[in-house]
Amino acid sequence: MPLYDIQPLKIYNSLSGKKEVFEPLNEGHVGMYVCGPTVYSNVHLGNCRTFMSFDMIFRYLRHLGYKVRYVRNITDAGHLVDDADDGEDKIAKRARLEQLEPMEVVQRYTVDFHNILEKFNFLPPSIEPTATGHIIEQMEIIKDILQKGYGYEVNGSVYFDVVKFNETFQYGKLSGRKLEDMIANTRELTAQDEKKSPQDFALWKKAEPQHIMRWPSPWGDGFPGWHLECTAMSTKYLGETFDIHGGGMDLKFPHHECEIAQAEASFGHSPVRYWMHANMLTMNGKKMAKSTGNNILPGEIFTGENNILSKPFSPSVVRFFMMQAHYTSILDLSNDALLASEKGFHRLMEALDTLEVLETGRKSDFDLEPWKRQCYEAMNDDFNTPVLIANLFEAVKRINLIKEGKESISQSDKLELTQTLNAFVFEVLGLEQQKEGNGASNKLSGVVELLIALRDEARANKDFPTSDKIRDQLAILGIQLKDGKEGTTFSVS
RNA sequence: GGCAUCGUGGCCGAGUGGCUAGGCAAGGCUCUGCAAAAGCUUGUACAGCGGUUCGAAUCCGCUCGAUGCCUCCA
C-alpha cells in the first residue's frame with residue numbers, strides 16, 4: 001500500500017483560500033507545473049526560495065509514493081519590458097546591452113540557474129520546457145481564443161478581451177479582484193494604446209523592425225505575449241486540467257489570473273485544481289531589489305563575497321534556513337538568522353553522525369510511533385517544514401541522551417529511527433551532510449586522532465598547559481575537540 | 001490612492017478560541033583539571049485601543065507599522 005493512502009495530505013489552495021484534502025486527478029499520479037525563471041540575469045535568491053519550496057513539495061509527494069510529473073519552464077522568449085515601451089522584450093534588451101545574441105544570453109543564464117540549483121541540491125524537474133520551443137503551441141491557443149471570440153487582432157498584435165471574457169467567466173477570482181474595481185482604478189489609457197481596455201493583455205505582439213526575437217505568424221512577424229507560454233506548456237505536458245500549479249506570490253496577479261482566463265476561454269473550464277503560492281523573501285526586513293542595493297546573489301552567500309553577511313554560508317545551511325519557515329510566510333534573511341540556522345543545522349547533522357555509532361540496548365525509551373506520526377502530520381498539514389524540523393530536534397535530543405547513557409534504544413528502533421530521519425532530512429528536506437570523506441580528510445582525521453592521543457597522555461600526567469595548547473591550537477584551525485564519556489571526538493567547521 | 005497578506009519573547013520562526021512549538025542567544029545546574037560539547041532547567045511573548053465570549057495571541061472593528069500586488073518580476 002502506498003504511503004499516500006495512509007497519509008492524508010492537505011494543501012492550502014490559493015483559489016479557495018482554504019486548506020483542502022489533496023486528491024489527484026489520476027490516482028497515484030500528480031501533475032505539477034511551476035512558473036520558472038526568466039533567464040535574462042543571474043537567478044536571484046528570492047527566486048530560489050520559491051523553487052526550493054516546490055522542490056520540497058515535489059520531494060514529499062514522491063516520498064508519499066506519488067508518481068509526479070513536475071514541469072518547470074524556462075522563460076527564454078522574454079516578457080515585455082513595459083506596455084508603453086517599444087515592444088522590446090527583456091531578453092532582447094539585455095542582448096543588445098551586452099552585444100550578444102539573445103539565445104546566448106539565454107544560454108548563459110540558464111547555465112547559471114542550473115548551477116545554483118545544483119548547489120542547493122535541487123532535484124531536476126521531469127520536464128523543463130522553454131517558451132521558444134513552444135511557439136507553435138502558443139499560436140494554436142491564440143487561434144483558438146480568437147475563434148471563440150475572446151481575442152481581437154489590432155495592427156499585427158492580438159489581445160485578450162478581458163471585458164468580453166468577464167461576461168461569461170470571472171476575471172480576478174484568484175487574486176480576489178473585481179473587474180469593475182480595476183477599471184475604476186486604472187490610470188488613463190495612453191492615446192496610442194491599441195487595447196480596447198487597459199485590463200486586456202497581449203497574446204501576440206507585433207515585432208518592430210529592430211526587434212531581434214521574432215517569429216512569423218498569421219498576424220505577421222512577432223512574439224508571444226506574456227502569459228501564454230505557461231498555458232501552452234502546462235496543457236501540452238499535463239493536460240487541460242492538472243493537479244498543482246505553483247509559483248511566487250507576485251505571479252498571482254496578473255500572470256496566473258491571465259493563465260486562468262486563457263485556459264477558460266480556450267477549453268471552457270478551469271485548468272488547475274490546486275493553486276499554490278510561495279511567499280516572498282526579504283532581507284533585513286526590506287524587499288530585495290537590485291535598485292536599492294538590498295540584494296544578494298546565491299553565489300555571493302556561498303563564497304562570502306558580499307558586504308551584507310559576516311561569513312560565507314553553505315547551500316545546505318541556506319536551505320535549512322529556508323525550510324525553517326513555512327513556504328506561505330514571508331521570510332526575512334539576515335546575518336543573525338543565518339548564523340542561528342547554521343548552528344542548528346550542525347547540531348542536527350552531528351546527531352545523525354552520533355546515531356550511526358550509537359550502542360543499542362535491550363529496550364527503547366524512545367517511543368518512535370507517536371514521534372513519527374507527528375513528523376508526517378506536520379508535512380501533511382500543507383507541508384509544514386518548520387514543525388517537522390521541531391520534531392527532528394526532538395529526535396536529536398533523544399539521540400544525545402542515549403549517547404550519554406541516560407536512555408537506551410533497541411536495535412530495531414535504531415534502524416527505524418535512522419531510516420525515518422534519513423527520509424525526512426535528506427530525501428524530503430533535501431539537506432546534505434557536509435561532505436568530507438576523501439583521502440585528504442582521512443589523513444586529517446588520522447592526524448587529529450594522534451593529537452587527541454597525545455592530549456590524553458598529557459592530561460593523564462596533569463600536564464594541562466600541553467593539553468590545553470593542543471585543544472586551543474586545533475580550535476584556531478577550526479577543529480573542535482569534544483570530550484565525552486566514551487572518549488574524545490572532533491568536528492571540523 | 002485601491003486590493004491583499006502580515007505584525008508573536010533578545011533574534012529567527014510555528015501555532016490560531018482554553019493544553020510545551022522549535023532553533024539561536026541569555027541565566028542556573030550536571031559532567032569536566034578548566035573549558036568546550038552534551039544533558040537538565042529558567043524566561044511566562046503574541047503591535048496599540050475597543051468589542052464578542054465563561055475564556056482571545058487566536059474572532060470582529062478601528063489605529064499604527066511592515067510586506068506584496070495594482071507595470072516585467074519568484
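Annotation: rC11(B) and rA47(B) have their P atoms spaced 14 Å apart (nearest Å). Using atom C1' as the reference point in both rC29(B) and rG65(B), the two lie 42 Å apart (nearest Å).
K462(A) comes within contact range of no nucleotide atom at all, as no heavy-atom separation falls under 4.0 Å. L392(A) comes within 4.0 angstrom of nothing in the nucleic acid, heavy atoms only. Within 4.0 Å (heavy atoms only), E404(A) reaches at least one base atom of the nucleic acid.
Between F302(A) and F120(A), the ring centre distance stays below 6.0 Å.
Side-chain nitrogen and oxygen atoms of N400(A) include at least one within less than 4.0 Å of the OP1 or OP2 phosphate oxygen of rG39(B).
When the nucleotides rC24(B), rG68(B), rU41(B) are ranked by their closest atom to the side chain of D250(A), rG68(B) comes out on top. The K403(A) side chain lies nearest to rA38(B) when the options are rC70(B), rA38(B), rC34(B). Nearest to the side chain of R459(A), among rC34(B), rA21(B), rA38(B), sits rC34(B).
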request  = Determine, step by step, whether L331(A) and F321(A) satisfy the side chain to side chain contact (heavy atoms under 4.5 Å, CB included) criterion, reporting the C-alpha distance in whole Å, the side-chain angles of both residues, the deciding distance to 0.1 Å, and the verdict.
outcome  = CA-CA 9 Å; L331(A) 173 64; F321(A) 162 72; 3.6 Å; yes

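With hydrogens and angles ignored, a donor-acceptor pair closer than 3.5 Å exists between the side chain of D483(A) and the base of rA35(B).
As the counterpart of rA66(B), rU5(B) is assigned, both hydrogen-bonding distances of the Watson-Crick or G-U wobble pattern falling under 3.5 Å.
Comparing C48(A) and G484(A), the nucleotide of RNA chain B nearest to each residue sits closer to the 5' end for G484(A).
Here F464(A) counts as stacked on rG33(B): its ring centre is under 5.5 angstrom from the base ring centre and the planes meet at under 30°.
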